[in-house]
Amino acid sequence: MCGIIGYTGTERVASDILLTGLSGLEYRGYDSAGLSVSGESLMVYKRRGEVSALEAAVPDEGLDGTAGIGHTRWSTHGPPTDENAHPHTDCTESVAVVHNGIIENDQSLRDELEASEHTFESATDTEVIPHLIENALTTGASREEAFREAVSRLDGSYAIAAVFSDSETVYAARHESPLVLGIGDDGHYLASDVPAFIEYTDRVVYLDDGQFARINPAGMVVTDAQGAIVETAIETVAWDPEDAGKSGYDHYMLKEIHEQPRAIRQCLRQRVTELDGDVTIEELASLDCDGPVQFVACGTSYHAACYGAQLLREWDVSAQCFLASEYDAASIPVSDGTLVVGVTQSGETADTMRALRAANRTGATTLALTNTVGSSAVRECDHAMLIRAGPEISVAATKTFASQQVALAMLASVLSETCSAPPVKRLRTLPDQVQWVLDTSNARSIAETYEDADAYFFIGRGYNAPVAREGALKMKEITYKHAEGFAAGELKHGPLAMVSDRTPVFALVTGDATATRTLGNVTEVEARDAPVVAVTDSPADVDQYVDHVLEVPTAGPRLTPILANVQLQLVAYWVANRLGRPIDKPRNLAKSVTVE
Ligand code: AGP
């Protein structure tokens, strides 16, 4: 997956806008970056590495032109090199193209184009597009017709932008990859996501699959695949540009961890009544579900989904949780009454989208639980519930996990007839309790104590089991160290063999009944010399069994795990910080994984 941006305006140097926009999109990929600005000829700059490398390559005074496109890449076809960086051009260098997605028929198109004397400079699937445009132009097609003709030859998923030499127009098309247009006072924008241009405008138009756009300084036109003009709705996004900056924190991840009280408040706002804790989710007023619930999700969102499924089961609703990449609607019984919920921060994850599309085909009702207005998940599901966490830039998901858990607790209470009000009522005090954890946490000193460990293990039972797995995922992705999370009872069935005095075990000891049993597992690892850190809401009872305590307030068995997770996020962050890792952009990863 990658990030793309386009700009055309009257007053600004396009390269400055494009570079700023690419910084806002770097979470989508950061192994190479490039841009092209239209002048008498096309100016193209591209570099392996982060946007800063591209910035250093572009002349200080910027490029003389007011229209251009840019790209930040996460490699799928071809390694991250200068040659494979986007934009790609045709043989005559009159059109430059950037692309996010995968062209599935690129090899057959490449064979066809090479047979007609086109020369390729890169190993990417994208490069077929400018050559297809070049071909269409030689038949006398206009630039817009040539762009449309080229796109019509593509199989796969794409958000594409193209700019021609000596032109103020940027062309774009979307199919199964996100694309949003921005309407500014002195120019128009297009991008994979709003942070690319939020500094300049908050008025946006989300493109639908199969739509094309043409932007120039005078305006924008959206059409369907046949060229017929499509009416579009202009939306105003509620993001503050400050939300997309680091606000003094060293990393977005730390900022986002600290934003959790606010994120949870936003998620709850106008959904839980002050008096009795009744939940009303306006977006779901028309949701009528009395069948089983299936969750599909990946990574951190999968851990949140497992938590949601557990809540529903406790409240007498049949619920299962599937890794989206393993979900096969053909072999999993889905009926008209089944509700399939895609839990996805980005709303664009390819595995989750594939699962949701499969569910849509079976006649099940689908619901997107997401952070991203206008995302593919929102557009393609029957219903959508927004988690309202605000922009999350760090690749490692933190505040969106907390918001997903809170949203799932509310969703569970809406779907269940037996849900008891107290846990939901307790949600209202959760933001202050998260703040207490942030203000008092000793995670940093524990991280310092164990920064050299060989591996980290995380154990928990019940609602703490998915949190243990999430703690390990966070540790892995930002520290690059071995970490694993288990249901605590499973430890003795194999993983115990790996435990030693160099493998600290983080035990989630919260919740009345399960806590005692988890303490039993603590004694098992202590007997093998492992240092133990308990994350607990009852330190007085637990202290004697463990080496260190990370305390959390009591929020009941269902919600305390949300607080415990904050401590684990902080431990992972501080270990990664001590190790000098690039925390916001870990190697090999990207924020939104739009390939299967
Ligand atoms: C979380 O830290 C990861 N970056 C990753 O596991 C992520 O949660 C997963 O790719 C799913 O993303 P989504 O929520 O946008 O669908």
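Remember, it's a predicted structure, so these values are computed and weren't measured experimentally. Both counts, for ligands and for their atoms, begin at 1 and track the order of listing.
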Strictly below 4.0 Å, N to O, side chains only: are Arg48 and Asp31 in salt-bridge contact? no
Residues two or more places apart in sequence or in another chain: which of them pass side chain to side chain contact (heavy atoms under 4.5 Å, CB included) with Ala161? Ile4, Ile69, Val98, Val170, Leu190
What class does the angle between the rings of Tyr456 and Phe506 fall in, given that below 30° is parallel, 30 to 60° is tilted and above 60° is perpendicular? tilted
Does this structure show an ion pair linking Glu283 with Arg271, if we count only N-O contacts that are shorter than 4.0 Å? yes
In sequence, state the C-alpha distance, the side-chain angles, and the governing distance for Asn84 and Ser32, and then conclude on side-chain hydrogen bond (donor to acceptor under 3.5 Å, both in side chains). CA-CA 8 Å; Asn84 288 335; Ser32 57; over 6 Å; no
Can you give me a line-by-line list of nitrogen or oxygen pairs between ligand 1 and the protein shorter than 3.5 Å?
unit_1	atom_1	unit_2	atom_2	d
ligand 1	2 (O)	Thr300	OG1	3.3
ligand 1	2 (O)	Ala397	N	2.8
ligand 1	2 (O)	Lys474	NZ	2.8
ligand 1	2 (O)	Glu477	OE1	3.3
ligand 1	2 (O)	Glu477	OE2	2.4
ligand 1	4 (N)	Val395	O	2.9
ligand 1	4 (N)	Glu477	OE1	3.4
ligand 1	6 (O)	Thr300	N	3.3
ligand 1	8 (O)	Thr300	N	3.1
ligand 1	12 (O)	Thr349	OG1	3.4
ligand 1	14 (O)	Ser301	OG	2.5
ligand 1	14 (O)	Gln345	N	2.7
ligand 1	15 (O)	Ser346	N	2.9
ligand 1	15 (O)	Ser346	OG	2.6
ligand 1	15 (O)	Thr349	OG1	3.3
ligand 1	16 (O)	Thr344	OG1	2.7
ligand 1	16 (O)	Thr349	OG1	2.5

Lys399 bridged to Glu392 by N-O distance under 4.0 Å: no
